[in-house]
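Step one of this worksheet: look at the structure below.
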Amino acid sequence: MGFTIHPRRGGIDPVWIERFKLLPVSTISDSMERFHGVGMPLRAMHGGGRMVGTAFTVKTRPGDNLIVHKALDLAAPGDVVVVDAGGALENAIIGELMAAYAEQRGLAGIVIFGAIRDSAELASGTFPVFATGVTHRGPYKDGPGVINIPIAVAGLPVSPGDLVCGDSDGLLAITPAALEDVHDRAAQKLAAEQQMMLAIRAGTDDRSWIDRALAAAGCDYRDA
């Protein structure tokens with residue numbers, strides 16, 4: 001696999017970071033044809049709060065966090081350190097201390113395709129941490145590992161410099177070239193959903209689309 005540290009690539013314009021912070025992951029996902037994202041098994045392990053930042057990617061041997069420590073030193077404020085640890089759950093890749101260090105450095109969050117520990121402490125805080133599972137067993141620190149290469153976490157492709165968004169519904173990654181298009185689609189959808197919620201609460205929601213969809217699909221509707 002190698003033992004290599006590649007330079008950090010780019011960085012998402014802070015304007016886009018702030019704009020995407022206003023959008024739920026579910027709305028963004030719908031605007032990407034529900035194709036580029038992951039829910040289970042990667043879940044939010046922190047106490048709540050949306051995560052948006054530039055991907056700083058890591059691939060490590062399952063159960064080993066030596067290269068992850070170095071990634072936390074090298075990542076820039078606003079980065080999300082995304083770690084492909086093979087999804088293995090036998091050893092934790094990070095815990096409370098590493099998360100506290102990442103937060104102190106101004107990172108936007110950590111994603112671990114693997115296990116974490118100190119789950120109660122992480123759950124009581126708001127620093128974004130996503131992981132596949134929890135174990136009390138600590139990591140090895142031998143390597144190997146690679147920093148800043150394209151990886152995949154639970155089937156989600158992530159490249160260095162992508163925009164990573166996460167909340168309690170899951171995670172997704174957006175290539176820089178697609179940011180404007182995805183944002184515009186998602187912002188329009190969110191506005192439409194907000195109008196729909198107002199109509200639902202007022203009792204004026206138009207439900208006629210359901211019968212039209214059933215009819216178009218050829219549903220045999222037999223009214224008792």
Side-chain angles (χ1 to χ4, degrees), residues 1-8 38-160 162 164-168 170-171 173:
M1 184 178 79
F3 213 170
T4 309
I5 298 174
H6 297 283
R8 180 177 181 270
V38 58
M40 289 294 286
L42 275 166
R43 306 301 298 171
M45 298 292 179
H46 56 293
R50 197 164 291 156
M51 177 184 72
V52 181
T54 302
F56 188 95
T57 63
V58 182
K59 186 173 180 65
T60 187
R61 180 170 69 93
D64 194 288
N65 77 353
L66 176 59
I67 202 72
V68 181
H69 274 282
K70 189 58 180 176
L72 296 184
D73 287 341
L74 295 175
D79 284 352
V80 175
V81 173
V82 185
V83 181
D84 174 11
L89 303 180
E90 291 79 10
N91 300 86
I93 299 299
I94 70 158
E96 179 187 16
L97 294 177
M98 291 178 72
Y101 177 66
E103 183 175 19
Q104 187 275 330
R105 292 209 61 241
L107 304 190
I110 303 176
V111 176
I112 305 291
F113 183 37
I116 55 104
R117 66 178 181 178
D118 305 325
S119 56
E121 290 78 9
L122 294 178
S124 68
T126 58
F127 179 72
V129 174
F130 291 76
T132 311
V134 176
T135 180
H136 58 81
R137 293 180 60 185
Y140 299 100
K141 292 177 171 58
D142 305 308
V146 183
I147 288 177
N148 281 326
I149 62 169
I151 60 172
V153 291
L156 173 67
V158 184
S159 292
D162 283 354
V164 179
C165 302
D167 63 19
S168 56
L171 293 160

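One-based numbering along the sequence shown.
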Report the distance from atom [atom1] of [X] to atom [atom2] of [Y], rounding to the nearest 0.5 Å.
X     : Y      : atom1 : atom2 : answer
Met98 : Leu72  : CE    : CG    : 4.5 Å
Asp84 : Lys59  : CG    : NZ    : 4.0 Å
Met45 : Ile94  : CE    : CD1   : 10.0 Å
His69 : Leu74  : NE2   : CG    : 13.0 Å
Thr4  : Asn148 : OG1   : CG    : 11.5 Å

Test item: [X] side-chain N/O and [Y] main-chain N/O as donor-acceptor pair under 3.5 Å:
X      : Y      : value
Arg137 : Gly63  : no
Asp64  : Asp142 : yes
Thr57  : Ser159 : no
Asp79  : Ala55  : no
Asn91  : Pro139 : no
Arg43  : Ser168 : yes

Quick check: do [X] and [Y] have side-chain heavy atoms less than 4.5 Å from each other?
X      : Y      : result
Val58  : Lys70  : no
Val134 : Ile116 : yes
Asn65  : Lys141 : yes
His6   : Val146 : yes
Ile147 : Ile67  : yes

Looking at every heavy atom in both [X] and [Y], which two are closest together, and how far apart are they?
X      : Y      : result
Ala154 : Leu42  : CB-CD1, 4.1 Å
Pro157 : Asp162 : O-OD2, 4.4 Å
Thr60  : Val83  : CG2-CG1, 3.9 Å
Val80  : Ala108 : CG2-CB, 3.8 Å
Phe3   : Gly143 : CZ-CA, 3.7 Å
Ala131 : Gly114 : CB-O, 3.6 Å

Quick note, side chain to side chain donor-acceptor pair (under 3.5 Å) partners involving residues 112-122, not counting sequence neighbours, are none
Applied to residues 113-160, the ring pair (Phe, Tyr, Trp, His ring centres under 6.0 Å) test, sequence neighbours excluded, yields His46-Phe130
Exercise for the section: With side-chain contact (heavy atoms from CB on, under 4.5 Å) as the test, would you mind laying out the steps for Tyr101 and Leu107 before giving the verdict? Expected result: CA-CA 9 Å; Tyr101 177 66; Leu107 304 190; over 6 Å; no
